[in-house]
Amino acid sequence: MSSSVIKLENNSFSKFIPLLIGFMVFLSVLFISVAHIVDEIGSKWTDGINNSMTVQIIPDANLDSEQNDDIISRTITILNQHYGVQDVNLIPNDEVIEMLLPWFGGGLRNVEFPIPRIIDVKLIDDLQIDTVSLKAQLGQISDSIIVDDFSDWRDRVNSIVNTINGLVYTIVLLIIISCMIISVTLTRALMLMNVKTLNMLMLMGAMDSFIAKEFVSYALSVVIKSSLCGFFVALLSINSILYFNNFDFELHFYDWLLIFGVIPVVVILSFLVSIITVKLTLIKRFFNIEF
Amino acid sequence: MTILEKSIIRFHNVKFGYGISNSILNNVNIDIKQGGFYFLTGKSGAGKTSLLKLMYIGNRITDGNLFMFDKDVDSYSRNEIALIRQNISVVFQDYKLLKHLNVFDNLALPLRIKGDSEETIVRKVTQIVKWVGLKQYIDSYPDILSGGQQQRLSIARSVITNPKIILADEPTGSVDEVSAKKIFSLFEQLHKRGTTIIMATHNENLVKSKNYPKLVIENNSVFLEK
Ligand SMILES: Nc1ncnc2c1ncn2[C@@H]1O[C@H](COP(=O)(O)OP(=O)(O)OP(=O)(O)O)[C@@H](O)[C@H]1O
Ligand SMILES: [Mg+2]
């Protein structure tokens with residue numbers, strides 16, 4: 001890959017550039033992984049509630065228990081008939097009390113209190129249920145029926161996840177732009193360090209494409225090597241962070257493949273800006289061979 | 001028309017200067033014949049190096065017309081100019097070898113630019129190092145060679161592509177008498193093979209001892225002395 005004609009002088013600048021590119025790639029890999037992990041946490045939070053909703057019926061004190069039971073059974077009937085509903089399950093009173101205990105303290109068992117009845121509704125996967133019509137139908141039975149499809153909760157989680165993702169990808173975009181600027185700087189530095197060689201190439205009648213190939217391939221070899229280093233250091237760091245913090249999820253091979261995508265993006269863009277840099281320099285220098 | 005009458009480089013009312021106000025050469029009208037051997041003389045700072053630079057199209061002329069290989073240089077595309085440069089070689093007083101490349105790679109560079117195969121390159125390099133007597137140095141770097149050896153290497157580099165024109169800017173200026181004689185004889189051999197040679201030199205004795213035409217730069221203009 002590396003050219004036989006071009007040379008990167010061994011000075012602090014030449015050591016700094018690959019380090020910088022490696023660090024940039026390291027950062028973007030880190031950020032993309034963070035976005036990925038946040039996504040995963042978000043879907044873990046919403047997974048449990050995605051295909052379910054609850055219907056709460058608060059017993060009406062003005063009605064006797066038979067009438068209240070009637071409301072419950074009519075509600076169950078409507079739920080069972082509704083499109084998209086898979087399973088309807090009236091949670092026994094005892095269990096509801098269990099669930100409420102932490103909020104109300106131990107006295108609840110002895111107190112005469114209108115315990116709300118809770119119906120757990122399982123929905124068919126991936127079917128969008130028409131909650132508006134369902135709420136209207138149930139409203140006709142009683143005003144005290146509350147349908148909770150967790151959409152508020154889901155919306156909030158989604159908006160947090162989206163905000164974090166937006167931030168992360170903006171940062172990654174900025175990092176990639178910085179990588180481009182570094183690639184331009186690297187290419188220009190290569191041409192300056194090798195100005196004698198450059199003049200000699202032009203004097204000997206090298207076409208622009210030949211010269212571009214020499215410089216661009218050298219710049220690219222630096223970019224590729226340093227970004228691979230950055231990637232592997234990031235891979236190591238993330239895995240050890242996940243490992244030592246006992247997170248119960250991991251990035252799979254496929255996720256790493258996606259994250260690895262940063263490198264081709266950086267390399268291809270560097271390739272383009274490097275070629276443009278060489279061509280622009282050659283336009284200025286082609287008729288100005290200075291020894 | 002015999003070969004020596006065909007012009008290969010022709011200056012027509014050429015002006016040249018670095019920058020706008022500065023003028024190095026004025027109203028240059030000269031005609032370089034194909035296959036000729038020319039000395040180029042003039043005081044230090046007269047503009048010899050500058051004139052040679054115009055001949056390898058390393059700078060553009062400020063005014064007038066420069067014809068190379070029968071066409072106005074302005075009418076050539078960039079790639080055509082690159083091809084013209086491939087047919088012109090330059091030998092410098094300070095050799096201008098690439099220090100990070102060994103003898104082989106220095107010699108191979110112009111061939112790589114021309115797109116020769118590695119096999120051809122090896123064959124041509126092997127042949128040329130023998131001609132300039134540097135066979136045993138093929139893997140060495142230029143730094144370890146003596147001045148005369150470096151100049152022979154740079155001449156080898158300039159002839160390896162078999163160019164139509166060789167421009168030499170005081171090629172014997174930095175070497176001793178013996179090396180200078182050797183080097184000059186290389187140029188004469190190339191001239192006999194039909195290469196057009198223009199050699200800038202301060203060496204009056206050399207110019208007098210040979211019967212070649214002389215381009216003289218004086219007061220910003222160039223004239224030919226037979
Ligand atoms: N790159 C440049 N920019 C500006 N001026 C230059 C440049 N190169 C040469 N000159 C000027 O042009 C004039 C001619 O210089 P040139 O090098 O062509 O002379 P020369 O005849 O080769 O001299 P010498 O015998 O010392 O090599 C000088 O006055 C020099 O200062
Ligand atoms: Mg000079």
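The sequence lines fix the lettering, A, B, ..., with proteins before strands; numbering per chain opens at 1.
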Between A:Arg285, A:Lys196, A:Met200, the one whose heavy-atom pairs under 4.5 Å with chain B are most numerous =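 So the answer, after comparing A:Arg285, A:Lys196, A:Met200, is A:Met200.
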When A:Asn194, A:Asn199, A:Ile283 are compared by non-hydrogen pairs under 4.5 Å with chain B, the top option =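 So the answer, after comparing A:Asn194, A:Asn199, A:Ile283, is A:Ile283.
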With no hydrogens and no angle check, is any side-chain donor or acceptor of B:Gln151 less than 3.5 Å from a backbone partner on B:Phe92?
-> yes
Between B:Phe16 and B:Tyr18, does a ring-ring contact (aromatic ring centres under 6.0 Å, His included) hold up when you go through it step by step?
-> CA-CA 7 Å; B:Phe16 175 71; B:Tyr18 299 95; 5.0 Å; yes
Answer yes or no: does atom CZ of A:Arg154 have more than 12 heavy-atom neighbours from other residues, nucleotides or ligands under 6.0 Å?
->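 Yes, enclosed.
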Of the backbone (N, CA, C, O) and the side chain (C-beta and beyond), which part of A:Phe210 lies under 4.5 Å from a heavy atom of chain B, both, or neither?
->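 Side chain of A:Phe210 only, per the 4.5 Å heavy-atom cut-off to chain B.
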By a 4.5 Å heavy-atom criterion (distance strictly below it), what part of A:Leu201 contacts chain B: side chain, backbone, both, or neither?
-> both
Just one of B:Leu51, B:Ile61, B:Asn220, B:Val14 clears the side-chain contact (heavy atoms from CB on, under 4.5 Å) bar with B:Leu25, so which one?
->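 Result for side-chain contact (heavy atoms from CB on, under 4.5 Å) with B:Leu25: B:Leu51.
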Between B:Gln86, B:Arg78, B:Lys53, B:Lys96, the one whose heavy-atom pairs under 4.5 Å with chain A are most numerous |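 Looking at each option in turn, the highest pair count goes to B:Arg78.
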For each of B:Thr49, B:Asn79, B:Ile57, B:Asp94, tally heavy-atom pairs with chain A at distances under 4.5 Å, and name the one with the top tally.
->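 The answer is B:Asn79.
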Between the side chains of A:Tyr218 and A:Thr187, does any donor sit under 3.5 Å from an acceptor?
-> no
